[in-house]
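Right, one structure below, let's go through it.
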Number of protein chains: 2
Amino acid sequence: MTSYSTSEENYIKAIYHLQGEEGMVTTNELSAELKTRPASVTDMLKKLKAKKLLNYEKYQGFRLSTEGRKVALGIIRRHRLWEFFLSEKLRFSWDEVHDVAEQLEHVTSKKLIDKLDEFLGFPRFDPHGDPIPDQHGKIATHERVSITVIPLNHSMEVCHVGNQAPDMLDILKHNNISIGTRLEVRKKFAFDNSLEIRIGRQQPFILSNEVARHIWVKKIERS
Amino acid sequence: MTSYSTSEENYIKAIYHLQGEEGMVTTNELSAELKTRPASVTDMLKKLKAKKLLNYEKYQGFRLSTEGRKVALGIIRRHRLWEFFLSEKLRFSWDEVHDVAEQLEHVTSKKLIDKLDEFLGFPRFDPHGDPIPDQHGKIATHERVSITVIPLNHSMEVCHVGNQAPDMLDILKHNNISIGTRLEVRKKFAFDNSLEIRIGRQQPFILSNEVARHIWVKKIERS
DNA sequence: CTTTATTTTTAGCCTTGTCTAAAATATTTT
DNA sequence: AAAATATTTTAGACAAGGCTAAAAATAAAG
Ligand SMILES: [Mn+2]
Ligand SMILES: [Mn+2]
Ligand SMILES: [Mn+2]
Ligand SMILES: [Mn+2]
């Protein structure tokens, strides 16, 4: 397959993150994101357009083409798999993984990435809770997930409780959990799949898997 | 610390491998090794000299300085740790690891490499049997000899292959030879210095001197 | 509907790392 | 020792990816 320079990849990834569902990205926005002068951005836009990765008309803004989006998802897949590896296997803390992953994401070997994915057990979310695209660029769009499957030490917001039996609500009340509560999973005990949970700076506590699997959370929307 | 470009690192590593214990490396040798024209090599030699990594005088050949050697060992450490990771954790076969490691070796993060080393259990040899320098650049040496010089009918363990060209690997694969294989030399043919080799109870086979001299073995460690 | 301000593009320059062709130096042969 | 050959360096060019300053296009004010 065709491959792209580190610089091209960084532009593609940044454009992907800036363009939402619709609407155009502007030269200045991208310039700010990449900390590169607007004139340099314009140069690269022309190159990416020539390579058919970008829909771009002078002065009119731009968005990735279908092909460009595909390339972006490949880069994001690599980035997030490496972040997961660093966090889960090398015990990096979740705020240290990003910078190293910025470098590792540019190592291109399909085999490397697919074997890494397998080695890691096909994780669906990176240490920040962002979804990891699969081999085909599919991303888990689950708005909410059970706390039994979220990564460790990442604060998330309770948005759903899948069982409203009185005994269940009793436990939730006792532990100060309600919709909107922000909590993180500190440890998973493989023996009985129980979880150690912490809310803010409070004393951590244990939830059995029976309870935990009914508690669903979503990413905290940051501004 | 100071860091170097991918290109600089590739030059430094190549020079390290070309310069033995003593004697000068020539521009043409390095040019051949890197598949780069001699004129380009001369340019880089000047840059490395300016950065005090190289002892170099026009027309007189060159060797790495003490600092240059230190940098080289760091690159080799990264390369071989990644090769070990690919082989041991991702189940790459030992002839697939090199090309990917060529890319990974240029990712610079001391923490990444030291954590990786720890995760892998501080391995001392890569999948080709080459020693992995430790944090301080120390390399373990095991006593090894080429199979062209070992006594007949003494089983020994393959611990190093001195040539990783694809054609070489093809022959090794065909004959089921890899690092760790135990074999013995049954006969030496004086006419062309070819050897008759036997692995365990398998059918013996012949290796030309061309091939055999790149295969190194050590005593079998028993415990 | 002009004038002004902002955004974007063009034009020209710089650095890194590569190349080819030609000149300089070193080595080998006669 | 001179000539022929091989090696190495210099000179000049180019592509990628960045920059500044100026021009062109668009958007916002008056
Ligand atoms: Mn990240
Ligand atoms: Mn990046
Ligand atoms: Mn290697
Ligand atoms: Mn390399």
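In what follows, every chain begins at residue 1, and chains take the letters A, B, ... in the order their sequences are listed.
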Could you pull out all residues at least two apart from A:F85 that satisfy ring pair (Phe, Tyr, Trp, His ring centres under 6.0 Å)? A:W82, B:F85

Using the test ring pair (Phe, Tyr, Trp, His ring centres under 6.0 Å), find all partners of A:H98 that sit at least two apart in sequence or belong to another chain. A:H79

Tell me, which pairs form a salt bridge (Lys or Arg N to Asp or Glu O under 4.0 Å) where one or both residues lie in residues 26-39 of chain B, sequence neighbours left out? none

Looking at [Y] and [X], is there a salt bridge between them, counting it only when a charged N and a carboxylate O are closer than 4.0 Å?
| X | Y | result |
| --- | --- | --- |
| A:R80 | A:E105 | no |
| B:K219 | B:E157 | no |
| A:R91 | B:E118 | no |

Nearest atoms (heavy-atom pairs only) where A:P133 meets A:P131: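 The answer is CD-O, 3.6 Å.
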
List in numerical order all residues of residues 30-38 of chain A for which some heavy atom is under 4.0 Å away from an atom belonging to DNA chain C. A:P38

State which residues pass side chain to side chain donor-acceptor pair (under 3.5 Å) with B:D117; sequence neighbours excluded, sorted by chain then number.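 Counting only residues at least two positions away or on another chain, B:D117 forms a side chain to side chain donor-acceptor pair (under 3.5 Å) with B:R77.
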
Can you give one letter per nucleotide of nucleotides 23-28 of chain D, going 5' to 3': B for a protein heavy atom under 4.0 Å from the base, S for sugar-phosphate only, - for none? -BSS--

Atom-pair distance (NE2 on B:H106; P on C:dG17), nearest Å: 12 Å

Residue-level proximity of residues 42-51 of chain B to DNA chain D when a heavy atom falls under 4.0 Å: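 Here the set is B:T42, B:K46.
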
Strictly below 4.0 Å, heavy-atom distances to any atom of DNA chain D: list the hits from residues 5-28 of chain A, or just say none.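 Residues of residues 5-28 of chain A under 4.0 Å from DNA chain D: A:S5, A:S7, A:Y11.
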
Sort and list the pairs that fulfil ring pair (Phe, Tyr, Trp, His ring centres under 6.0 Å) and have at least one residue in residues 103-131 of chain B, not counting sequence neighbours. B:W94-B:H128, B:F125-B:H142

Sequence neighbours left out, what pairs pass ring pair (Phe, Tyr, Trp, His ring centres under 6.0 Å) with at least one residue falling in residues 8-67 of chain B?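 The answer is none; no pair qualifies.
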
Distance-only donor-acceptor pairs under 3.5 Å for side chains of residues 161-174 of chain B, two or more places apart:
residue	atom	partner	partner atom	Å
B:N163	OD1	B:A165	N	2.7
B:Q164	NE2	B:V161	O	2.7

Residues two or more places apart in sequence or in another chain: which of them pass salt bridge (charged side-chain N to carboxylate O under 4.0 Å, His left out) with A:K51?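 A:K51 satisfies salt bridge (charged side-chain N to carboxylate O under 4.0 Å, His left out) with A:E8 only.
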
Tell me whether the OP1 or OP2 atom of D:dC19 has a side-chain N or O from A:S40 closer than 4.0 Å. yes

Just checking B:Y56: base, sugar-phosphate only, or nothing, at a heavy-atom cut-off of under 4.0 Å?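 The residue B:Y56 makes sugar-phosphate contact but no base contact.
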
Result of checking B:K187, B:K188, B:R186 against B:L195 for side chain to side chain contact (heavy atoms under 4.5 Å, CB included):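 Only match with B:L195 under side chain to side chain contact (heavy atoms under 4.5 Å, CB included): B:K188.
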
